[in-house]
Amino acid sequence: MHHRLIGAQRTLMSAPAHQIVEHLAEFLAKEYAVGTYELYQVDYRLSELVPLDGGAAVTHPGAPAWRAFDHLAEVVDGGTLWLPVSVRGDRLGVVRLTPAPTEPDVRAELAEIAGLLAHALAAAREGTDRYAVAARTRRLTLAAEMQWGLLPGRARTGSAFALAGQLEPAYAVRGDTFDWSDDLGRLQVVVVNGHGEGVEAATLTCLAMNALRNARRAGLDIADQAMLADQAIYSYHRGTLHIDAVLLDLDLATGVVTAVDAGSPRLRRLRDGEVSPVTLDAQDPLGMFDGTMYATQTFTLAPGDRLFVVSDGIIDATARGVRYGEGLLDRFLTRSGALSPLAAVRSVIGDLRAFIGGEMIDDAVAVCLDWTPPDPGSH
C-alpha cells in the first residue's frame, strides 16, 4: 500500500500540469488494473459535474456522482466507483473509476489518491488553463473572470470550523465577493456587497479586496483593515464610488467574533434549529468619506452554531412583484442544518433561482460558517 501511494504521488508531481489526470490514469491502470479513470469537475454554478474531456455533464442531484460530491464519500454504483476530489474542504469534483474494486482496502487507497489528485490540481491551476476552462459550461463575462480570480476557494475546513461561499450569477457576477484566511487560531472572513455594473464594479471590488488583504497581511486588526481599504477607495474615487462590507474575526478557541459592519451584508445565526438575525451597528461603507474611523463590535458563537452572511441581492430578489425577503430566507436556512456549508449555500442559491424562475439579474453572495470546536470531554 505504502509504495503505491508514494508512486501515485511521484506520478502527480512529475506530470506536466495539463496532463496530470492522464499520467495518473496510466499509473492506476498498471498498479490497480483500473480501466477508466475520469475527472468530473464541479462547474461555476455548483449545478453540474463536467467531464474534463467533454461529454455529458451530471446534473441530477441524486446521481451517484453528486452523492460522492455532497457527502465526501465513496459511492459504488454497479461496476463504477465514484470518489470525491477535495483539498482542505474545497470540493473540486469527483473521479469515476471502472471497474469498481471489490476490496475495501483498495478503495480506501484509491480514495487517498483522489485526495492527492486534488492537491495536484490546486497547484496545477496556477500553470494551465485546462481545468478552469473545462469547468465552465459557458463563457464568463470579463467582470466575472475578475471576480472568480479573487476568491480563496469555495470551501474550507479546519479543526474547529467549516465554511463555504458562492457567487451568483456565477457566470456574470460583477461586484459581490468574499475572502477568508485562517491563521494561528483565528479565522478572518470578509463579505463584500459591490456596487455598479460590469467591469467598473469588478474593478472597485478588486481594489477593495486587495487593500483589505494588504492590511491583513501587514498584521493589522479588522478595524484598521477597514480604515485602510476605505482610504484606498476614497483616494482613487473621491467618494463617487463606495462598497459595502462586513469583516469578521473569529477566535476559534472561544467562539468570540469581532466584527466591523461597513454596509449591508446581513448576518443570520442558526442555533438549535432556529434562525435569528445578528444585528450590528452599521457604519459608513468603504470609500464613502475621507478618513472614516471604524469601530469593532463582538458577539459569541456557541459550539455547533451556523452563521450565514448574505448580500442584499438575496434579500431583495423579487419575482412577480414579491420580494424574497428575510422570512423566506430564514425558513429555508432553518432546513439547512443537516447540510454541509457548501451544500447549504448551493441550496440557498438554488432556492433563490427557483423563486425567481431563472437566472438572477442582481449580484448575490452567500457565505456559510460553522463553528465546530473539539469537545473537551472527548480527550
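Computation of the quantities below employed the complete heavy-atom set of this structure, encompassing side-chain atoms and omitting hydrogens, waters and symmetry-equivalent molecules. Since this is a predicted model, take the numbers as computed values, not measurements.
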Inset, instruction - Ignoring hydrogens and angles, tell me if any N or O in the side chain of Thr205 forms a donor-acceptor pair with the backbone of Ala202 under 3.5 Å. - result: no
Legend entry - pair Tyr37-Thr98: side-chain heavy atoms closer than 4.5 Å: no
Legend entry - Ser235 side chain vs Ala232 backbone, donor-acceptor pair below 3.5 Å: yes
Legend entry - Beyond-backbone contact of Arg186 with Asp251, side-chain heavy atoms, under 4.5 angstrom: yes
Inset, instruction - Determine whether Ile315 and Val275 fall in the same hydrophobic cluster, where Ile, Leu, Val, Met, Phe, Trp and Tyr are linked whenever their side-chain heavy atoms lie under 4.5 Å apart. - result: yes
Legend entry - Residue pair Val189 / Leu247, side-chain heavy-atom distance below 4.5 Å: no
Legend entry - Nearest non-hydrogen partners of Ala226 and Val260, listed with the distance: CB-CG1, 4.1 Å
Inset, instruction - Please step through side chain to side chain donor-acceptor pair (under 3.5 Å) for the pair Gln225 and Tyr294, ending with a clear verdict. - result: CA-CA 9 Å; Gln225 291 172 31; Tyr294 291 91; over 6 Å; no
Legend entry - Gap separating the CG atom of Leu142 from the OG1 atom of Thr203, nearest 0.5 angstrom: 8.0 Å
Legend entry - Asp230 (side chain) donor-acceptor with Gly287 (main chain) under 3.5 angstrom: yes
Inset, instruction - Nearest 0.5 Å please: distance from the CG atom of Leu307 over to the CG atom of Leu333. - result: 10.5 Å
Inset, instruction - Could you tell me whether Asp43 and Arg136 have a side-chain N and a carboxylate O separated by less than 4.0 Å? - result: no
Inset, instruction - State whether the number of non-hydrogen atoms from other residues, nucleotides or ligands found under 6.0 Å of Arg88 atom CZ is greater than 12. - result: no
Inset, instruction - Work out which heavy atom in Gly194 is nearest to a heavy atom in Ile243; give both atom names and the distance. - result: CA-CG1, 3.9 Å
Inset, instruction - Quick one: closest heavy-atom pair of Gln41 and Ala134, and the distance? - result: NE2-CB, 3.6 Å
Inset, instruction - State, yes or no, whether a side-chain contact exists between Leu12 and His23 at a heavy-atom distance under 4.5 Å. - result: no
Inset, instruction - In sequence, state the C-alpha distance, the side-chain angles, and the governing distance for Leu151 and Thr177, and then conclude on side-chain contact (heavy atoms from CB on, under 4.5 Å). - result: CA-CA 7 Å; Leu151 294 184; Thr177 195; 3.3 Å; yes
Inset, instruction - Let me know which of Asp370, Asp182, Asp90 forms a salt bridge (charged side-chain N to carboxylate O under 4.0 Å, His left out) with Arg156. - result: Asp182
Inset, instruction - Measure the shortest side-chain to side-chain distance between Leu342 and Arg91 over non-hydrogen atoms and say whether it is less than 4.5 angstrom. - result: yes
Inset, instruction - Would you mind reporting whether Asp305 and Leu270 have side-chain heavy atoms less than 4.5 Å apart? - result: no
Inset, instruction - Please assess Leu250 against Leu252 for the test side-chain contact (heavy atoms from CB on, under 4.5 Å), listing each intermediate value before the final yes or no. - result: CA-CA 6 Å; Leu250 168 62; Leu252 293 171; 3.7 Å; yes
Inset, instruction - Look up atom CG in Leu28 and atom CG in Leu117, then write down how far apart they are to the nearest 0.5 Å. - result: 9.0 Å
Legend entry - Short side-chain to backbone donor-acceptor contact, Gln166 and Tyr44, under 3.5 Å: yes
Inset, instruction - Indicate yes or no for a side-chain donor-acceptor contact from Thr141 to the backbone of Ala144 under 3.5 Å, with no hydrogens or angles considered. - result: yes
Inset, instruction - Drop me the distance from Trp66's CH2 to Tyr40's OH, to the nearest 0.5 angstrom. - result: 13.0 Å
Inset, instruction - Could you pull out the closest heavy-atom pair between Leu97 and Val95, with the gap in Å? - result: CD1-CG2, 3.7 Å
Inset, instruction - Treat each ILVMFWY residue as a node, draw an edge where side-chain heavy atoms are under 4.5 Å apart, and state whether Val278 and Val246 are in one component. - result: yes
Inset, instruction - Using a strict cut-off of less than 4.0 Å between a Lys/Arg side-chain nitrogen and an Asp/Glu carboxylate oxygen, indicate whether Glu274 and Arg269 qualify as a salt bridge. - result: no
Legend entry - Within-4.5 Å side-chain heavy-atom neighbours: Asp176 and Val191: no
Inset, instruction - Take Thr258 and Gln297, measure what side-chain contact (heavy atoms from CB on, under 4.5 Å) needs, and give me the verdict at the end. - result: CA-CA 6 Å; Thr258 305; Gln297 304 163 71; over 6 Å; no
Inset, instruction - Answer yes or no: is there a donor N or O on one side and an acceptor on the other, between the side chain of Asp363 and the main chain of Gly175, under 3.5 Å? - result: yes
Legend entry - Within one Ile-Leu-Val-Met-Phe-Trp-Tyr cluster: Trp148 and Val367, side-chain cutoff 4.5 Å: yes
Legend entry - SB check Arg266 Asp312 (cutoff 4.0 Å): yes
Legend entry - Other residues, nucleotides, ligands: >12 heavy atoms within 6.0 Å of Arg323 CZ: yes
Inset, instruction - Mark yes or no for whether Thr318, through its side chain, and Gly321, through its backbone, hold a donor-acceptor pair below 3.5 Å. - result: no
Without placing hydrogens or testing angles, list every side-chain donor-acceptor pair under 3.5 Å for residues 45-55, not counting sequence neighbours.
from	atom 1	to	atom 2	distance (Å)
Arg45	NE	Glu359	OE2	3.3
Arg45	NH1	Ser47	OG	3.3
Arg45	NH2	Glu359	OE2	3.3
Asp53	OD1	Arg130	NH2	2.6

Legend entry - Common cluster, Phe161/Leu301, ILVMFWY with side-chain heavy-atom separation under 4.5 Å: yes
Legend entry - Stepwise salt bridge (charged side-chain N to carboxylate O under 4.0 Å, His left out) test for Arg96 and Glu38: CA-CA 5 Å; Arg96 180 175 73 91; Glu38 190 174 11; 2.9 Å; yes
Inset, instruction - Give, for atom CZ of Arg306 and atom SG of Cys368, the distance between the pair rounded to the nearest 0.5 Å. - result: 4.0 Å
For residues 67-83, which side-chain donor-acceptor pairs fall under 3.5 Å, sequence neighbours excluded?
from	atom 1	to	atom 2	distance (Å)
Arg67	NH1	Gly62	O	3.1
Asp70	OD1	Arg346	NH1	2.9
Asp70	OD1	Arg346	NH2	3.0
Asp70	OD2	Arg346	NH2	3.2
Glu74	OE1	Arg107	NE	3.4
Glu74	OE2	Arg107	NE	2.9
Glu74	OE2	Arg107	NH2	3.4

Legend entry - Asn210 side chain to Cys206 backbone, donor-acceptor under 3.5 Å: yes
Inset, instruction - Just do the side-chain contact (heavy atoms from CB on, under 4.5 Å) check on Val199 and Met146 with the steps written out, would you? - result: CA-CA 8 Å; Val199 172; Met146 296 168 67; 4.1 Å; yes
Inset, instruction - May I ask you to decide if the ring planes of His195 and His242 are parallel, tilted or perpendicular, using 30° and 60° as cut-offs? - result: tilted
Legend entry - Nearest heavy-atom neighbours spanning Arg268 and Pro277: NH1-CB, 3.4 Å
Inset, instruction - Answer yes when Arg174 and Glu200 have at least one side-chain N-carboxylate O distance shorter than 4.0 Å, and no when they do not. - result: no
Legend entry - Reported CG-to-CZ distance for the pair Leu5 and Arg10, which is rounded to 0.5 angstrom: 12.0 Å
Inset, instruction - Evaluate the side-chain proximity of Val257 to Thr298: yes if any heavy-atom separation is below 4.5 Å, no if none is. - result: no
Inset, instruction - Identify the heavy atoms of Ala124 and Ile20 that sit nearest to each other, and give their distance. - result: CB-CD1, 4.2 Å
Legend entry - Cationic tip of Arg138 above Tyr171 ring, under 6.0 Å, 45° of axis: yes
Inset, instruction - Kindly state whether the ring of Tyr234 and the ring of Phe289 have centres lying under 6.0 angstrom apart. - result: no
